[in-house]
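In this text, all values refer to a predicted model and were calculated from it rather than measured experimentally.
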Amino acid sequence: DGQWTVTGITAANVLVFCLWRIPSLQWTTIRYFASNPASKVLCSPKLLSTYSHFSLFHMAANTYVLWSFSSSIVNILGQEQFMALYLSAGVISNVVSYVGKGATGRYGPSLGACGTIAAVCTKIPEGRLAIIFLPMLMFTAWNALKAIIAMDTAGMIWGWKFFDHAAHLAGALCGIWYVTYGHELIWKNREPLVKIWHEIRTNGPKKGGGSK
């Protein structure tokens, strides 16, 4: 199940990667698949940019990490909770990115799923990771996350521009919060909300006002 789920995510990433290579669609991809608070379109890119990679190496690295964890994470969370965390962390990362860019005045597009993947990996802190071209160098996901948090914190303090450090940091902290508190507060208490949603889908929204 985990590999099938990540295969779907990878297919979406590859599709958007190909769209970036079509000159006639360049403005469409910039508008909808790159997160930028200075853009006229602000809402949908928060989600769509998590499937967007302009660099082949960037896409390959993210996919490699996600594939490495896919079976274990989906077995633990289930497909629905995994996708809920994956998409929510992506949106939260981009919201924090918007705030950071607005606060510093450093506007520009961001894309990729690094923050989202950092959030997902927090569920398996003892999982083993390797550098994509140096598979003999192994380290735990938790050590990788600590290094990411330290690097992105330093990047925000000193204004580094190579990565979207606010988005990366937000994704990692979102995952840590969800593993520590969110699963108990949100997922285990989702039943009333799910019942309301199914009632709306089955019967339509309740019409208020007036008396029989």
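Linking ILVMFWY residues whenever their side-chain heavy atoms come closer than 4.5 Å, directly or via other members, leaves F17 and L47 in distinct clusters. When the side chains of ILVMFWY residues are joined at heavy-atom separations under 4.5 Å, either directly or via intervening members, M151 and W158 end up in a single hydrophobic cluster. A continuous path of ILVMFWY side-chain contacts below 4.5 Å connects L77 to V65, so both sit in one hydrophobic cluster. Linking ILVMFWY residues whenever their side-chain heavy atoms come closer than 4.5 Å, directly or via other members, places L48 and V41 in the same cluster. L173 and V96 are members of different hydrophobic clusters when ILVMFWY side chains are connected at heavy-atom separations under 4.5 Å.
Nearest heavy atoms, C174 versus I92: SG-CD1, 3.8 Å. Residues S35 and S49 approach most closely at CB-OG, 3.7 Å, considering heavy atoms.
Within the structure, side-chain hydrogen bond (donor to acceptor under 3.5 Å, both in side chains) contacts touching residues 10-30 (residues at least two apart or in different chains) are W20-S52.
Ring geometry for H165 versus H168: interplanar angle over 60°, hence perpendicular rather than tilted (30 to 60°). The aromatic rings of Y178 and H183 stand perpendicular to each other, their planes meeting at an angle above 60°, with 30° marking the opposite boundary.
Between the OG1 atom of T63 and the CD1 atom of I9 there is a distance of 9.0 Å, given to the nearest 0.5 Å. Distance check, rounded to the nearest 0.5 Å: OG1 of T5 to CD of E80 gives 9.0 Å. To the nearest 0.5 angstrom, S39 atom OG is 6.5 Å from Y98 atom OH. Between atom CG of residue N94 and atom CG of residue L42 there is a gap of 11.5 Å, rounded to the nearest 0.5 Å. Going from atom OH of Y86 over to atom OH of Y51 covers 6.0 Å, rounded to the nearest 0.5 Å. Rounding to the nearest 0.5 Å places CG of N36 at 12.0 Å from CZ of R31.
In this structure, the side chains of L87 and V91 stay at 4.5 Å or more apart for every pair of heavy atoms. In this structure, the side chains of I149 and I176 come closer than 4.5 Å at one or more pairs of heavy atoms. Counting only heavy atoms from C-beta outward, the side chains of Q3 and V74 never approach each other to under 4.5 Å. Between I186 and Y181 the shortest side-chain heavy-atom distance does not fall below 4.5 Å. Counting heavy atoms from C-beta outward, V16 and Y32 have side chains that stay 4.5 Å or more apart.
Between K195 and E191 there is a salt bridge, with a side-chain nitrogen of the basic residue lying less than 4.0 Å from a carboxylate oxygen of the acidic one.
Within the 3.5 Å criterion, the main-chain N or O of S93 finds no donor-acceptor partner in the side chain of S97. A donor-acceptor pair under 3.5 Å links the side-chain atoms of R190 to the main chain of W187, judged by distance alone.
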Full working for side chain to side chain contact (heavy atoms under 4.5 Å, CB included) between V14 and M59: CA-CA 8 Å; V14 171; M59 182 178 70; 4.2 Å; yes
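With sequence neighbours excluded, the residues that form a salt bridge (charged side-chain N to carboxylate O under 4.0 Å, His left out) with D164 are K101.
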